Amino acid sequence: MNGQKNWAYGVNINGVGTVFYGKTYFDREGIVNPLTAAPYTKDEIDAIVGGAAANAEGYTFDLPEDAVLGMNGFWYDAAAAAAITGHADPLTQGADGVFVTADGKEVARPSAR
């Protein structure tokens, strides 16, 4: 993208809170806007990347280089982020940042706090 250090864009999702999507999330093809469930357009992605370059509100820049997803102070790498966002069942995030299914099966651990 723009050669900038890793950054994340925060999206406030009702019932979940603010979810931060890392720079590499926006490098992918066909990513979905979590608020509309529709794919982001190229113009929307360009605006998000441009906002990061301009240090706009709603971004964070103090995160690990491998962070793709952030929630409640925990950061998740690409594998954990894919496990979380791709899981069909509702998940719960524990106080330790670990996401589990309703029956307690671990789905993803954070890579950093």
Side-chain angles (χ1 to χ4, degrees):
M1 291 222 155
N2 57 12
Q4 201 173 351
K5 284 190 144 198
N6 198 10
W7 51 262
Y9 176 65
V11 178
N12 192 347
I13 301 172
N14 286 338
V16 176
T18 302
V19 178
F20 287 93
Y21 294 87
K23 175 172 90 168
T24 58
Y25 179 80
F26 296 99
D27 290 337
R28 300 179 185 165
E29 293 287 325
I31 57 171
V32 173
N33 181 329
L35 298 176
T36 64
Y40 277 109
T41 66
K42 181 183 179 325
D43 288 343
E44 288 171 325
I45 292 172
D46 288 348
I48 290 167
V49 172
N55 294 319
E57 226 176 287
Y59 294 79
T60 186
F61 297 90
D62 184 20
L63 66 153
E65 279 300 311
D66 67 344
V68 173
L69 185 71
M71 294 179 70
N72 300 318
F74 294 96
W75 292 102
Y76 301 86
D77 61 17
I84 295 165
T85 59
H87 208 278
D89 300 335
L91 300 175
T92 303
Q93 184 187 33
D96 58 359
V98 175
F99 275 89
V100 296
T101 61
D103 62 3
K105 181 180 175 199
E106 184 178 305
V107 173
R109 291 189 155 274
S111 56
R113 180 154 174 102

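Please read these numbers as outputs of a predicted model, since none were measured by experiment.
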Taking all non-hydrogen atoms of both residues, which atom of G58 and which atom of F20 are closest, and how far apart? O-CE2, 4.1 Å
Rounded distance [0.5 Å steps], CD in E106 versus CG in L91: 11.5 Å
Donor-acceptor pairs are to be reported for all side-chain atoms of residues 10-17 against protein atoms at under 3.5 Å, with residues two or more places apart or in another chain.
none

Please round to the nearest 0.5 Å and tell me the distance separating atom NZ of K23 and atom CZ of F61. 10.5 Å
State whether a side-chain donor-acceptor pair under 3.5 Å links T101 with D103. yes
Do D46 and K42 meet the salt-bridge criterion of a basic N to acidic O distance under 4.0 Å? yes
Would a single hydrophobic cluster contain both V107 and V19, if residues Ile, Leu, Val, Met, Phe, Trp and Tyr are joined by side-chain heavy-atom contacts under 4.5 Å? yes
Are R28 and V68 side-chain neighbours, meaning at least one heavy-atom pair lies under 4.5 Å? yes
Any F26 side-chain heavy atom under 4.5 Å of W7 side chain: yes
Identify the heavy atoms of Y40 and I45 that sit nearest to each other, and give their distance. CB-CG1, 3.7 Å
In Å and rounded to the nearest 0.5 Å, what is the CZ to NZ distance from F99 to K105? 16.0 Å
Donor-acceptor list for residues 76-86 side chains, cut-off 3.5 Å, not counting sequence neighbours:
residue	atom	partner	partner atom	Å
Y76	OH	Q93	NE2	2.8
Y76	OH	G97	O	2.4
D77	OD1	A79	N	3.3
D77	OD1	A80	N	3.0
T85	OG1	A81	O	2.9

Report the relative orientation of the aromatic rings in Y59 and Y9; use parallel for angles under 30°, tilted for 30 to 60°, perpendicular for over 60°. tilted
Tell me, with the steps shown, if Y21 and L69 meet side-chain contact (heavy atoms from CB on, under 4.5 Å). CA-CA 5 Å; Y21 294 87; L69 185 71; 3.7 Å; yes
Short side-chain to backbone donor-acceptor contact, N6 and P64, under 3.5 Å: yes
Using a cut-off of 6.0 Å, state whether more than 12 heavy atoms not belonging to D62 lie near its atom CG. no
Would you indicate whether the side-chain heavy atoms of V98 and P110 approach each other to under 4.5 Å? yes
Return the minimal non-hydrogen interatomic distance between F74 and A95, and the atom names on each side. CZ-O, 3.3 Å
